[in-house]
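Working notes, structure below.
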Amino acid sequence: MTTLRHDWNRAELRALFDLPFNDLLFQAQTVHRQHFDPNAVQVSTLLSIKTGACPEDCKYCSQSGHYDTGLDKEKLLEIEKVVQEAQAAKDKGASRFCMGAAWRSPRDKDMPYVLEMVKRVKGLGLETCMTLGMLAPEQAQALGEAGLDYYNHNLDTSPEYYGKIITTRSYNDRLNTLANVRDAGIKVCSGGIIGMGEKREDRIGLLMELANLPAHPDSVPINMLVKIAGTPLGDVEDLEPFEFVRTIAVARILMPKSFVRLSAGREKMNEQLQALCFFAGANSIFYGEKLLTTSNPETHADRLLFEKLGMNALQVETTVADSLPVAKKALWKDAMAV
Ligand code: SF4
């Protein structure tokens, strides 16, 4: 059984990335099978609860107020609307419901609403996840007390490349939010975006930061950049897809017990590439037609792909920090037939 390490160095990561493709995938799949059912994928649904006009300047993001992307802005959604969407997601087989708001951080007057959303969505029997920007310690505590299961806050890229992507919040700000979330007993979801013009050394830097956190994030989204017209990264050069698969595989080897999520950018991937990502150790996806504001493969296409690959959607019942989820599997087709 692999031991969890938090002392990975750059040379080790370079050596993994440099392995022949088949050797790397074999190693990743071997690690994966020690900790997870290789044919089960955790499925989440993501809802944007407040869209656009974000004061941050993340150069990839359609929601940043710094760029003209033609996005329709929306205020914070009504609680009842969020609960309705969560119920619909549950009916379609999602086990976790993620709510995202385009904020630098939640304001005091927003907190009662988001806390109520957590309680109501959790009351439906779903795991809850939020991404609301930076959190102060007391905000993280309040969310934890409301029953929030996961908080998403990505590191995005390596510390070295970060300044080329975001200038309005620092890498340390992000690390502090992750520490506040951990201290509040909320599970951490943190990953990054690949294909933003960064070098392999930056992908190595990102994964090394994540793996060397005091605790591995419970969930590690690896996003492929979705190029949005109007953003500074709207026409950045495409990343070689095998390099994306390698990044997933190295993430799996470094963080053996974490759910590695194939996240934004999946719509542009054909079935074969997605299958390779699953083989490399990805075991979580988002489904639904929208991934915040970028489109996501139709749930129908996901269902067909799962059937072709003989894979199941994982229904997570309870999770305990630092241990594997106590999980109940349901066949995707059964879940979708509700
Ligand atoms: S990624 Fe998040 S913080 Fe950055 S601009 Fe978009 S919504 Fe705002």
Side-chain angles (χ1 to χ4, degrees), residues 44-77 82 98-107 110-111 113-114 117 129-136 139-140 143 148 150-159 161-178 180-181 188-198 202 206 209-210 217 219-234 236 261 263-267 286 288 290-296:
S44 299
T45 294
L46 181 57
L47 175 71
S48 179
I49 58 170
K50 184 267 170 185
T51 307
C54 181
E56 305 299 287
D57 70 348
C58 311
K59 291 194 171 43
Y60 51 82
C61 183
S62 61
Q63 305 206 61
S64 168
H66 294 256
Y67 319 120
D68 182 8
T69 60
L71 183 74
D72 290 333
K73 303 173 188 68
E74 274 179 12
K75 292 195 179 127
L76 186 60
L77 290 185
V82 174
C98 306
M99 296 159 269
W103 286 324
R104 176 172 168 77
S105 53
R107 296 166 301 181
D110 300 317
M111 285 303 289
Y113 292 97
V114 294
M117 284 175 194
C129 173
M130 282 192 154
T131 180
L132 313 171
M134 294 185 287
L135 288 187
Q139 292 177 317
L143 285 163
L148 185 68
Y150 285 82
Y151 194 79
N152 164 263
H153 198 63
N154 290 333
L155 292 181
D156 281 2
T157 187
S158 67
Y161 195 64
Y162 183 84
K164 296 212 166 45
I165 303 296
I166 300 123
T167 66
T168 49
R169 66 171 64 147
S170 71
Y171 213 77
N172 261 340
D173 288 335
R174 292 190 183 249
L175 292 171
N176 288 339
T177 290
L178 294 184
N180 294 339
V181 169
V188 169
C189 171
S190 186
I193 307 174
I194 308 302
M196 297 195 292
E198 81 284 346
D202 297 305
L206 167 68
E209 281 289 327
L210 292 165
S219 186
V220 181
I222 303 290
N223 298 281
M224 176 83 104
L225 175 71
V226 178
K227 296 183 211 173
I228 309 282
T231 63
L233 297 183
V236 73
R261 176 173 302 145
S263 209
R266 199 162 60 85
E267 184 198 43
F286 277 116
K290 288 261 187 175
L291 187 48
L292 286 180
T293 63
T294 61
S295 55
N296 200 32

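Keep in mind that this is a model prediction, so the values were computed, not measured. Both counts, for ligands and for their atoms, begin at 1 and track the order of listing. Below, all heavy atoms of this structure are taken into account, side chains as well, without hydrogens, waters or symmetry copies.
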Any chance you could lay out the side chain to side chain contact (heavy atoms under 4.5 Å, CB included) test for Arg266 and Met224, step after step, and finish with the verdict? CA-CA 7 Å; Arg266 199 162 60 85; Met224 176 83 104; over 6 Å; no
Please identify which atoms of ligand 1 are closer than 4.0 Å to at least one heavy atom of Ala102. 7 (S)
Exercise check, heavy-atom protein proximity under 4.0 Å to atom 2 (Fe) of ligand 1: no
Can an N, O or S atom be found in Cys58 less than 2.8 Å away from atom 4 (Fe) of ligand 1? yes
Around Tyr171, counting heavy atoms of other residues, nucleotides and ligands shown, do more than 12 lie under 6.0 Å from its OH? yes
Count the heavy atoms belonging to other residues, nucleotides or ligands that lie under 6.0 Å from NZ of Lys227, then report whether that count exceeds 12. yes
Given 3.5 Å as the limit, does a donor-acceptor pair link the side chain of Thr231 with the main chain of Ile228, or not? yes
Counting backbone and side chain alike, does Cys54 bring an N/O/S atom below 2.8 Å of atom 8 (Fe) of ligand 1? yes
Could you walk me through whether Cys189 and Arg261 satisfy the side chain to side chain contact (heavy atoms under 4.5 Å, CB included) test, starting with their C-alpha distance in whole Å, then the side-chain angles of each, then the deciding distance to 0.1 Å, before giving a yes or no? CA-CA 10 Å; Cys189 171; Arg261 176 173 302 145; 3.9 Å; yes
For ligand 1, is Arg169 a contact, meaning one of its heavy atoms is under 4.0 Å away? yes
Considering the heavy atoms of Ser64, write down every atom of ligand 1 situated less than 4.0 Å from one of them. 5 (S)
Name the closest protein heavy atom to atom 6 (Fe) of ligand 1, giving the residue it belongs to and the distance to 0.1 Å. Cys61 SG, 2.3 Å
Before accepting this row, confirm whether a basic side-chain N of the pair Asp110/Lys50 lies closer than 4.0 Å to the acidic partner's carboxylate O. no
